[in-house]
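The structure under discussion appears below in the form of structure tokens.
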There are 2 protein chains.
Amino acid sequence: MTWGTPRPERADAARNRQLLLASARELLAEVGPECLTMDLLAERSGLGKGTVFRRFGSRAGIFQALLDDAERDLQQQVLSGPPPLGPGAPPVDRIVAYGTARVRFLAEHHAVARATLDGRHAAGRRRPLSEIHLRVLLREVDLPGADIEVLAGQLAYALDGPLLLRLFAGPELAGPEPTARFEAGWRDLVERVCGVSGV
Amino acid sequence: MTWGTPRPERADAARNRQLLLASARELLAEVGPECLTMDLLAERSGLGKGTVFRRFGSRAGIFQALLDDAERDLQQQVLSGPPPLGPGAPPVDRIVAYGTARVRFLAEHHAVARATLDGRHAAGRRRPLSEIHLRVLLREVDLPGADIEVLAGQLAYALDGPLLLRLFAGPELAGPEPTARFEAGWRDLVERVCGVSGV
DNA sequence: AGCGTAAGCGGGGTAAAGTCCGTTTGGTCG
DNA sequence: CGACCAAACGGACTTTACCCCGCTTACGCT
């Protein structure tokens with residue numbers, strides 16, 4: 001036994017995965033994301049509820065799986081498609097191209113992507129504090145050609161919750177070391193964006 | 001009657017708000033975030049479950065309120081504290097100082113901040129795709145002194161879900177206009193970060 | 001003070017997420 | 001071909017966020 005790959009997927013499991021994804025897509029079109037329940041999906045696909053949970057882990061997992069499935073195409077483009085999205089172009093061009101592609105991807109699948117975030121009744125999330133403050137300050141900096149609204153949002157999210165929390169949550173890293181690293185990273189990012197040249 | 005302010009808060013409501021926040025903090029320390037249920041909080045504070053929901057709207061709302069409460073102090077520092085966090089310093093310095101303060105704030109309150117994100121068993125969220133791809137490409141760009149790991153995370157989040165979804169979700173803006181704006185914003189951000197000078 | 005009313009309160013009810021464990025089945029090895 | 005086992009399945013059960021609506025209470029007005 002070589003343990004490089006943990007185990008191949010069983011045939012019935014693979015079949016059911018496809019069945020579940022197909023049923024989920026149907027239901028999504030019929031009743032919309034917020035009415036798609038685990039029970040409903042189980043019934044529609046003719047499988048047990050336990051099976052649905054085994055596959056997806058949670059309600060949000062369904063949408064994640066759906067999105068991953070749609071994203072596979074984008075991944076292929078990135079790995080072996082034509083430049084600048086695929087290999088062969090200068091890295092900066094590829095980064096720009098990737099962002100463009102991803103924005104379009106999310107715009108196209110925004111309903112599913114939204115449902116991924118779980119909070120099914122959270123409706124309007126709030127993150128205005130950092131963003132507003134940054135917007136005000138950025139206006140005072142001379143940044144010709146920049147879209148301040150968008151830039152403020154980008155920086156706010158670069159700074160905010162998910163990134164930090166993910167690392168903090170990981171292998172118990174709430175200590176001083178990653179904190180210092182984020183602080184340095186933030187300083188570096190801001191100085192690059194604002195065009196501070198020197199030492 | 002002047003209708004500028006919708007209505008002042010009733011006295012008992014204010015008292016109960018404080019009581020609930022205090023009870024929530026106690027329970028948080030005793031049983032941890034994931035065991036803090038709405039029923040438990042209601043019982044501990046001697047109020048009805050309906051009241052708890054009226055106050056906070058949802059489970060996540062509790063943690064949001066707790067975090068907002070703690071953040072009020074930071075807000076004060078920003079609005080009227082000493083520079084560089086408060087007014088009086090050059091904007092870039094203030095931006096850097098704000099980021100530093102916020103990183104420390106989140107590091108200190110990471111348990112609560114984490115619980116804010118609702119998905120109580122979501123555990124490890126996945127966002128490796130964009131991040132890994134960006135990391136690889138950024139390494140090919142000459143960026144002296146940059147922490148590529150951190151930078152890749154920052155850019156990935158600047159690009160990713162929450163920002164887009166928030167605007168898409170808002171006043172129904174999935175159309176082409178904001179998409180184009182995000183694409184342009186991304187190009188601008190990347191070029192600033194990577195030090196592309198010219199036209 | 002007495003009254004009207006709108007906001008706040010209570011807690012039982014509901015639906016849906018997530019868990020458990022006994023049963024079934026696909027795959028492999030003798 | 002038959003036995004064995006780990007993985008997959010099913011669906012009843014538990015937990016808990018969230019809703020609903022009749023009751024209570026604080027505040028403004030006369």
Side-chain angles (χ1 to χ4, degrees), chain A residues 1-3 5-21 23-24 27-28 31-65 115-124, chain B residues 1-21 23-24 27-28 31-66 115-124:
Chain A
M1 276 187 199
T2 62
W3 284 93
T5 54
R7 195 62 73 108
E9 189 179 43
R10 234 167 73 168
D12 54 347
R15 210 174 337 111
N16 285 338
R17 149 176 278 117
Q18 290 311 121
L19 176 59
L20 283 169
L21 285 175
S23 300
L27 288 173
L28 203 55
V31 303
E34 58 271 6
C35 290
L36 199 165
T37 74
M38 300 304 254
D39 289 318
L40 187 58
L41 177 56
E43 187 191 13
R44 168 64 69 107
S45 55
L47 298 171
K49 203 184 184 177
T51 305
V52 179
F53 274 92
R54 161 175 295 271
R55 257 325 119 223
F56 299 120
S58 74
R59 183 186 137 86
I62 294 174
F63 299 104
Q64 188 70 55
T116 288
L117 301 184
D118 192 5
R120 71 182 178 291
H121 38 71
Chain B
M1 280 184 194
T2 62
W3 284 94
T5 54
R7 196 62 71 112
E9 188 179 42
R10 238 167 72 170
D12 54 347
R15 207 173 339 108
N16 285 338
R17 148 175 280 117
Q18 289 311 121
L19 176 59
L20 282 169
L21 284 175
S23 299
L27 287 174
L28 203 54
V31 303
E34 58 272 5
C35 292
L36 199 164
T37 73
M38 300 305 253
D39 290 326
L40 187 58
L41 177 56
E43 186 190 15
R44 167 63 71 105
S45 55
L47 297 172
K49 213 193 309 186
T51 306
V52 179
F53 273 93
R54 162 174 294 271
R55 256 327 115 221
F56 299 120
S58 74
R59 183 186 138 87
I62 295 174
F63 299 104
Q64 188 70 55
L66 242 32
T116 287
L117 302 184
D118 192 5
R120 70 178 180 294
H121 42 71

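Chain letters run A, B, ... following the sequence lines, proteins first, then strands; residues in each count from 1. In this text the structure is predicted, and so the values were computed from the model without any measurement.
In this view, A:Arg54 satisfies the side chain to side chain contact (heavy atoms under 4.5 Å, CB included) rule with no residue, not counting sequence neighbours.
In this structure, B:Glu43 places its CD atom 11 Å from P of C:dG11, rounding to the nearest Å. The CZ atom of A:Phe53 sits 17 Å away from the P atom of C:dC21 (whole-angstrom rounding). In this structure, B:Phe56 atom CZ and C:dC9 atom C1' are separated by 15 Å, rounded to whole Å. Straight-line distance from the CG atom of B:Asp39 to the C1' atom of C:dG13: 12 Å, rounded to whole Å. Protein atom CG of B:Leu40 is 16 Å distant from nucleotide atom P of C:dG11, rounded to whole Å. To the nearest angstrom, C1' of C:dG26 lies 10 Å from CZ of A:Arg15. To the nearest angstrom, P of C:dG18 lies 15 Å from CD of B:Glu34. D:dT15 atom C1' lies 15 Å from atom CG of B:Leu36, rounded to whole Å.
A donor-acceptor pair under 3.5 Å links the side-chain atoms of B:Arg59 to the main chain of B:Leu36, judged by distance alone.
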Expected rows: protein N/O vs nucleotides 7-12 of chain D N/O, under 3.5 Å:
unit_1: D:dA7; atom_1: N3; unit_2: A:Arg10; atom_2: NH1; d: 3.0
unit_1: D:dA8; atom_1: OP2; unit_2: A:Arg54; atom_2: NH1; d: 3.1
unit_1: D:dA8; atom_1: O4'; unit_2: A:Arg10; atom_2: NH2; d: 3.3
unit_1: D:dC9; atom_1: OP1; unit_2: A:Asn16; atom_2: ND2; d: 2.2
unit_1: D:dC9; atom_1: OP2; unit_2: A:Arg55; atom_2: NH2; d: 3.1
unit_1: D:dG10; atom_1: OP2; unit_2: A:Gly48; atom_2: N; d: 2.8
unit_1: D:dG10; atom_1: OP2; unit_2: A:Thr51; atom_2: OG1; d: 2.9
unit_1: D:dG11; atom_1: N7; unit_2: A:Gly50; atom_2: N; d: 3.2
unit_1: D:dG11; atom_1: O6; unit_2: A:Gly50; atom_2: N; d: 3.4

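Closest heavy-atom contact between B:Phe56 and B:Ala65: CE2-CB, 3.6 Å. Residues B:Phe63 and B:Pro33 share a closest heavy-atom pair of CZ-O, 3.9 Å. Residue B:Leu41 comes nearest to B:Ala24 through the heavy atom pair CD1-N, 3.7 Å, listed as atom of the first residue, atom of the second, then distance. The two residues A:Leu40 and A:Cys35 have their closest heavy-atom pair at CD2-O, 3.8 Å. In terms of heavy atoms, A:Ala14 sits closest to A:Glu9 at CB-OE1, 3.5 Å. Across A:Leu19 and A:Ser45, no two heavy atoms sit closer than the pair CD2-O, 3.5 Å.
Interatomic distance, A:Arg44 CZ to A:Thr37 OG1, rounded to the nearest 0.5 Å: 11.5 Å.
Mapped onto DNA chain D by nearest heavy atom, B:Ala11 and B:Met38 fall at different nucleotides, with B:Met38 at the one closer to the 5' end.
Each end of the helix from C:dA1-D:dT30 to C:dG30-D:dC1 gets its own axis, taken as the rotation carrying the C1' atoms of four end pairs onto the next four within a five-pair window, and the two axes meet at 20° to the nearest 10 degrees.
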